[in-house]
Amino acid sequence: MRASYDVAIAGAGIVGAACAAECATAGLKVVVVEPGPIGGGATAAGMGHIVVMDDSPAQVALTHYSRTLWQELAPELPGDVEYVAAGTIWVAADEEEMAEVRRKQAVYAGIGVRTEILDAQALAAAEPNLRTGLAGGLLVPDDAVIYPPCGARFLMERARSRGAELLTDAVAELSQEGIRLRDGSFVPAGTTVNATGAWAPELTAGIEVRQRKGHLAITDRYPGFVHHQLVELGYLKSAHSTAADSVAFNAQPRRTGQILIGSSRQFGAEHAAVDAPILGRMLSRAVEYMPRIAELSALRVWTGFRAATPDKLPLIGPCPGQPRIYLATGHEGLGITTSLATGKLVAGQILGHPCAIPIEPYLPGRRQEEARHE
Ligand SMILES: Cc1cc2nc3c(=O)[nH]c(=O)nc-3n(C[C@H](O)[C@H](O)[C@H](O)COP(=O)(O)OP(=O)(O)OC[C@H]3O[C@@H](n4cnc5c(N)ncnc54)[C@H](O)[C@@H]3O)c2cc1C
């Protein structure tokens, strides 16, 4: 029998690390169990775009809250986290997408998020390497980018400096009494947290989390080629689709001068190998928007798995009927952004403290609750 903890967390991706940092800061005795490198799962594969997204009122509330937490943390982040307030430009190809720009601006204005509508000329001036003939865009200047694995390491270090312990092992079983490790030992804990991202269903049977594969490519150094995180507004159609494979133009300037190019979304693709046809579609889409990308040299291509839920919102809080087993997973393509808010919501619920935003939309039991009221 090992020492007893208030909170035992399975997984040290950026979400588990954020939960650990927040719980340890609140004075709880925390242990984190991770078999691999800190932030070595989806966190290492992610793009690191810290973005306010308005797919649903609950999504906008969580992303906005979490982006604010990143802004507050920014002065304390070490250089290797590469926090840059690059801003996002949502690129509108035509007048139909300009209507979406105006709709989005109204939503953001309603919650106090700064934006600026760019016409075709202003867009070309902001990003000269975009193709001509685009209609305009929406600039969201306070969105940012980070380097996610170093973000996770920073949060884990913060947790450890506040007393959290890290065990290099895998969790075999989570229960209301604690966690059983693969080496057979048992770690007693008041609350256990499943923060294993796309692996979460292995520890909590029956949860509605599916793997959604994504590809990214990174180029050599071309400083000044891209200035903001650029996302085509068609991205919304691709991110919202829950069936077909999809690609969308997404380009990010790294502090090194490299350009990170995304992205793809695939269900049912369980192998981590690079899928040449979908990578080809993704890069062709990028070249459609930025023709000179075809002249750049790519250094590396990789894949990762997002943890997707049916209603596109994460699962944050206790499992129905098992109040001492928490979930912190299902963040799909927004887990870097929403990690800090997730940490706050987990610590707040464990301690019974009020949270800064309503927790109900993210509770794991929400779909059963909805079904009961139908
Ligand atoms: C291509 C791509 C681009 C993305 N771009 C962005 C973006 O721009 N912005 C954004 O906000 N999000 C983005 N995301 C999403 C983001 O990367 C994820 O939502 C986030 O990293 C999830 O973090 P996590 O800690 O939940 O999961 P992970 O980082 O996967 O961590 C889970 C951890 O659990 C560990 N684990 C697994 N099984 C066990 C076990 N049995 N016991 C103990 N530990 C275990 C794993 O080793 C792993 O370290 C992107 C994702 C992909 C794939």
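Atoms within each ligand, like the ligands themselves, are counted from 1 in listed order. What you see is a predicted model, and the numbers here were worked out from it, not measured in a lab.
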Enquirer: Heavy-atom distance to atom 2 (C) of ligand 1: which of E173, R306, H331 wins?
Expert: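 Comparing heavy atoms across E173, R306, H331, the nearest one to atom 2 (C) of ligand 1 lies in R306.
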Enquirer: Identify the closest protein heavy atom to atom 47 (O) of ligand 1: which residue and atom is it, and at what distance?
Expert: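 Checked against all protein heavy atoms, atom 47 (O) of ligand 1 sits closest to E34 OE2, 2.7 Å.
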Enquirer: Just jot down the ring pair (Phe, Tyr, Trp, His ring centres under 6.0 Å) partners of Y289, sequence neighbours excluded, or say none.
Expert: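 Here the qualifying residues are F249.
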Enquirer: Identify, for atom 23 (O) of ligand 1, the protein heavy atom at the shortest distance, and state residue, atom and that distance.
Expert: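 The protein heavy atom lying closest is T43 OG1, 3.4 Å.
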Enquirer: What protein heavy atom lies closest to atom 31 (O) of ligand 1? Include the residue and the distance to one decimal.
Expert: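 For atom 31 (O) of ligand 1, the nearest protein heavy atom comes out as G13 CA, 3.4 Å.
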Enquirer: Checking a contact table here: which protein heavy atom is nearest atom 11 (O) of ligand 1, and how many Å away?
Expert: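 For atom 11 (O) of ligand 1, the nearest protein heavy atom is T337 N, 2.7 Å.
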Enquirer: For atom 44 (N) of ligand 1, which of the options A17, A170, P35 provides the nearest non-hydrogen atom?
Expert: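 Among A17, A170, P35, the closest heavy atom to atom 44 (N) of ligand 1 belongs to P35.
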Enquirer: Closest non-hydrogen protein atom to atom 28 (P) of ligand 1, residue and atom name please, with distance?
Expert: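 The protein heavy atom lying closest is A42 N, 3.6 Å.
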Enquirer: Name the closest protein heavy atom to atom 43 (C) of ligand 1, giving the residue it belongs to and the distance to 0.1 Å.
Expert: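 The protein heavy atom lying closest is V33 O, 3.3 Å.
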Enquirer: Below 4.0 Å, non-hydrogen atoms only: which portion of A152 touches ligand 1? Side chain, backbone, both or neither.
Expert: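 Neither part.
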Enquirer: Check each of T88, T337, T115 against D143 using the side-chain hydrogen bond (donor to acceptor under 3.5 Å, both in side chains) test, and report the only one that passes.
Expert: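 With D143 as partner, T88, T337, T115 yield a single side-chain hydrogen bond (donor to acceptor under 3.5 Å, both in side chains), made by T88.
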Enquirer: Which is closest to atom 7 (C) of ligand 1 by heavy-atom distance: H49, R67, M53, R265?
Expert: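 Among H49, R67, M53, R265, the closest heavy atom to atom 7 (C) of ligand 1 belongs to H49.
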Enquirer: Can a donor-acceptor pair be found between the side chains of R162 and T25 at a distance below 3.5 Å?
Expert: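 Distance-only check passes for R162 and T25.
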Enquirer: Just to confirm my output: which protein heavy-atom neighbour is closest to atom 36 (N) of ligand 1, and how far is it?
Expert: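 Sorting protein heavy atoms by distance from atom 36 (N) of ligand 1 puts T196 CG2, 3.8 Å first.
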Enquirer: Is there any ring-ring contact (aromatic ring centres under 6.0 Å, His included) pair reaching into residues 318-357, and which pairs are they, with sequence neighbours excluded?
Expert: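 Listed by first then second residue: nothing to list.
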Enquirer: Search all heavy atoms of A189 against all heavy atoms of A8 and return the closest pair with its distance.
Expert: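 Scanning both residues completely, I find the closest heavy atoms to be CB-CB, 3.7 Å.
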Enquirer: At a non-hydrogen distance cut-off of under 4.0 Å, which region of E332 contacts ligand 1 (side chain, backbone, both, or neither)?
Expert: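 Just the backbone.
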Enquirer: G304 heavy atoms, cut-off 4.0 Å: which ligand 1 atoms fall inside?
Expert: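 Atoms satisfying the 4.0 Å criterion: 53 (C).
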Enquirer: In terms of residue, atom name and distance, what is the protein heavy atom nearest to atom 12 (N) of ligand 1?
Expert: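 Ranked first by proximity to atom 12 (N) of ligand 1 is G333 O, 3.0 Å.
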Enquirer: Is atom OH of Y147 surrounded by more than 12 heavy atoms (other residues, nucleotides or ligands) closer than 6.0 Å?
Expert: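 12 or below, so no.
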Enquirer: Walk me through whether K312 and E332 qualify under salt bridge (Lys or Arg N to Asp or Glu O under 4.0 Å).
Expert: CA-CA 7 Å; K312 304 179 201 84; E332 220 270 15; over 6 Å; no
Enquirer: So for T329, does at least one of its heavy atoms come nearer than 4.0 angstrom to any atom of ligand 1?
Expert: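 Outside the 4.0 Å threshold, so no.
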